[in-house]
Trainee: 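Here's a structure for you.
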Amino acid sequence: MPSTPDLPADLVARARDLDARHAAADRRDAFHLPDGLTYLDGNSLGALPRTVAARVGEVVEREWGEGLVRSWNDAGWWEAATRVGDRLGVLVGAAAGQVVVTDSTSTNLFKVVVAALGMAGSPTRGRVLVDPDSFPTDVYVVGSAARLAGGQVDRVAPADVAAHLRDVGDEVALLVYSSVDYRTGELWDLASMTAAAHEVGALVCWDLCHSAGVLEIGLDAHEADLAVGCGYKYLNGGPGAPAFVYVAERHQAAFHNPVAGWNGHARPFGMEAEYEPAPGIGRARSGTSGMLGLLALEEALRVYDGVPVADLRARSLSLTRFFVEALGALGVDLPVVTPADDARRGSQVSVRHPEAYGVVQALIARGVVGDFREPDLVRLGFAPLYLTHHDAVVAAAHLAEVLATGEFARPEHTRRALVT
Ligand SMILES: Cc1ncc(COP(=O)(O)O)c(C=O)c1O
């Protein structure tokens, strides 16, 4: 692995100052991070909180191995989906009883879109708006769910939503938008988009995959309706961790889960012939949850204990701001596609380069792990719980060298891997 380039003393000193200023949200010691690695991909797969391995071992050996089926009662397995949902709700600004952890983001989105078309209550209100540049699963799922439920999909960029609502707002049932764009890192205005939808009588489902755990979302404060998000990015729940779904309390009675499985029944062990939904958020459950993943996520969320989301957001903004500043100081002249405005920036920095894939591979070979996003983006995520401003300088210095040496064009860096 190439050694770390010389780091300018002034940047190192500034990094030290900023790390001290944002120490309140520093939980690096709570994570296992391989030596010598600068990990800028916590927005794809979060790092491993140190206590998770022991907790999973305990679940396997004691709760499963010894407790066996009794653990559904004795170890709190049955209610874990809503218990972890309440814990996660704190991070997204949802009061208890509105979030359940279950299934994948894709599956939860399917349930939400079908349910929301049902809640619209009128065949003339069947339009579902979706950002064509969303993470592809959102566009696919909205298309398939709307088709099955008799709706119609309008692909509308976030900037055009207000005009579209003025034109056909009374035909719109639901808007599906990401709070942070997975490619550019742009943060959309959840409060104003939600208010604009409500003005025309529509609901909004927010995809929080790239915002949960790094910024103040305020679902209840902004009277959000519905939301989905995953557990494996900034929430550090592990590969394929279960996802979550939020249904505001005022909508729960009208929320009819199209995957009406026994876990969402009012009396699951009544084994009744007819389905009766559970009275609260439990109705968004379908089948049996994978306990190993769910309990690993529960343990991972403990690293947030005592860390106000406002402090995390301040640290995250400082990290991304400082990284861009370091790029400038080191002479890296690439277009930064992530907004410079704090109010419009999530927790990542994406830069454009025609050989972005090779740039990312060359960085990985140097121990700086980020990712590539089609067609030409180098995407670098800044997980504020475990990254430091010093990491930002190291990453910027490696990027400067990768560009200066032309390493990105080497054949070993341009060959595509399965997961990019
Ligand atoms: C914004 C967004 N939505 C949805 C997904 C997909 O989630 P899942 O694989 O849990 O269905 C991702 C995955 O990266 C994502 O970034």
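When a ligand or atom number is given, it counts from 1 through the structure's own listing order.
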Trainee: Which one of Y182, F135, F110, Y232 has a non-hydrogen atom at the shortest distance from atom 7 (O) of ligand 1?
Mentor: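 Among Y182, F135, F110, Y232, the closest heavy atom to atom 7 (O) of ligand 1 belongs to Y232.
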Trainee: Checking the N or O distance criterion of under 3.5 Å, is ligand 1 in contact with D207?
Mentor: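 Yes: some nitrogen or oxygen of D207 is under 3.5 Å from one in ligand 1.
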Trainee: Do K233 and ligand 1 have an N or O pair less than 3.5 Å apart?
Mentor: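 N/O-N/O distance below 3.5 Å exists for this pair.
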Trainee: Under 4.0 Å from a heavy atom of T137: which atoms of ligand 1 are those, numbered in the order shown and with their elements?
Mentor: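 In order of numbering, the contacting atoms are 4 (C), 5 (C), 6 (C).
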Trainee: Salt bridge or not for R366 and E401, using N-O below 4.0 Å?
Mentor: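 Salt bridge present between R366 and E401.
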Trainee: Would N43 and H210 count as having a side-chain donor-acceptor pair, cut-off 3.5 Å?
Mentor: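 No, H210 and N43 have no side-chain donor paired with an acceptor closer than 3.5 Å.
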Trainee: Closer than 4.0 angstrom, basic N to acidic O: yes or no for D305 and R87?
Mentor: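 R87 and D305: salt-bridged.
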Trainee: Within ligand 1, which atoms have a heavy atom of H210 less than 4.0 Å away?
Mentor: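 Answer, ordered by atom number: 1 (C), 16 (O).
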Trainee: Would you find a donor on one side and an acceptor on the other, under 3.5 Å apart, between the side chain of T320 and the backbone of S316?
Mentor: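 Flag set: sc T320 to bb S316 pair under 3.5 Å.
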Trainee: Just heavy atoms, cut-off under 4.0 Å: does T105 contact ligand 1 by side chain, backbone, both, or neither?
Mentor: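 Near ligand 1, T105 shows its backbone as well as its side chain.
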Trainee: Please determine if R285 forms a cation-pi arrangement with W78, meaning its NZ or CZ atom is less than 6.0 Å from the six-membered ring centre and no more than 45° off the ring axis.
Mentor: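 Checked: cation-pi criterion met.
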Trainee: Between atom CH2 of W262 and atom CZ of R267, what is the distance when rounded to the nearest 0.5 Å?
Mentor: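 CZ of R267 is found 14.5 Å from CH2 of W262.
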Trainee: Within the 4.0 Å heavy-atom shell around D138, which atoms of ligand 1 are there?
Mentor: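 That gives atoms 3 (N), 4 (C) of ligand 1.
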Trainee: Nearest non-hydrogen atom to atom 11 (O) of ligand 1 belongs to which of A241, G231, S106?
Mentor: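 Checking each option, the heavy atom nearest atom 11 (O) of ligand 1 is found in S106.
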